[in-house]
Each structure stands twice: as structure tokens, then as C-alpha cells.
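A quick write-up on the structure given underneath.
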Amino acid sequence: MKTKEVHIRISEKRFSKLKNYATLKEKTVTQIIEDYIDRLPNKGKDGSSDTPSRVDRRST
């Protein structure tokens with residue numbers, strides 16, 4: 001698998017929160033970020049998505 005690097009600037013507070021969450025889940029920060037990216041919908045060229053959209057279940 002060919003990989004790419006992503007560099008981001010976040011506050012120390014957010015980084016600590018991310019690092020603590022990764023430790024709690026016994027994963028690396030990279031694995032946590034990859035898990036969230038994998039949840040994003042994949043949009044096709046025609047605008048369709050292969051990921052079901054979420055249903056808003058808030059009461060009105």
C-alpha cells in the first residue's frame with residue numbers, strides 16, 4: 001500500500017484529547033484518524049454515495 005502524509009496544526013488540548021482517546025482504545029493516533037476517515041461517505045462522479053446517509057432522529 002502506498003501511503004501519504006498529512007500534517008495538521010491543532011491545539012495542544014485537542015492533541016492531548018486525541019492521544020488519550022487512542023491510548024484508551026489501545027490504538028495509534030494514525031489508526032484513530034483512519035477509522036474516522038473510513039466513516040466518511042464516498043461520493044461517485046455522479047454525486048451518488050455508496051455510504052448510506054444518516055437519518056435525523058431528532059424530535060421536532
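As a member of the Ile/Leu/Val/Met/Phe/Trp/Tyr network built from side-chain separations under 4.5 Å, Ile8 groups with Val6, Ile10, Phe15.
Expressed to the nearest 0.5 Å, how far CD of Gln31 lies from CD of Glu26 amounts to 11.0 Å.
Every residue two or more places apart in sequence or in another chain was checked for a side chain to side chain donor-acceptor pair (under 3.5 Å) with Glu34, and none qualifies. The side chain to side chain donor-acceptor pair (under 3.5 Å) test applied to Ser16 returns no partner, not counting sequence neighbours.
Side-chain contact between Leu18 and Ile33 is present, with at least one heavy-atom pair separated by less than 4.5 Å. Using a 4.5 Å heavy-atom threshold, the side chains of Asp35 and Lys25 count as separate. Taking 4.5 Å as the limit, every side-chain heavy atom of Lys19 sits out of range of all side-chain heavy atoms of Lys17.
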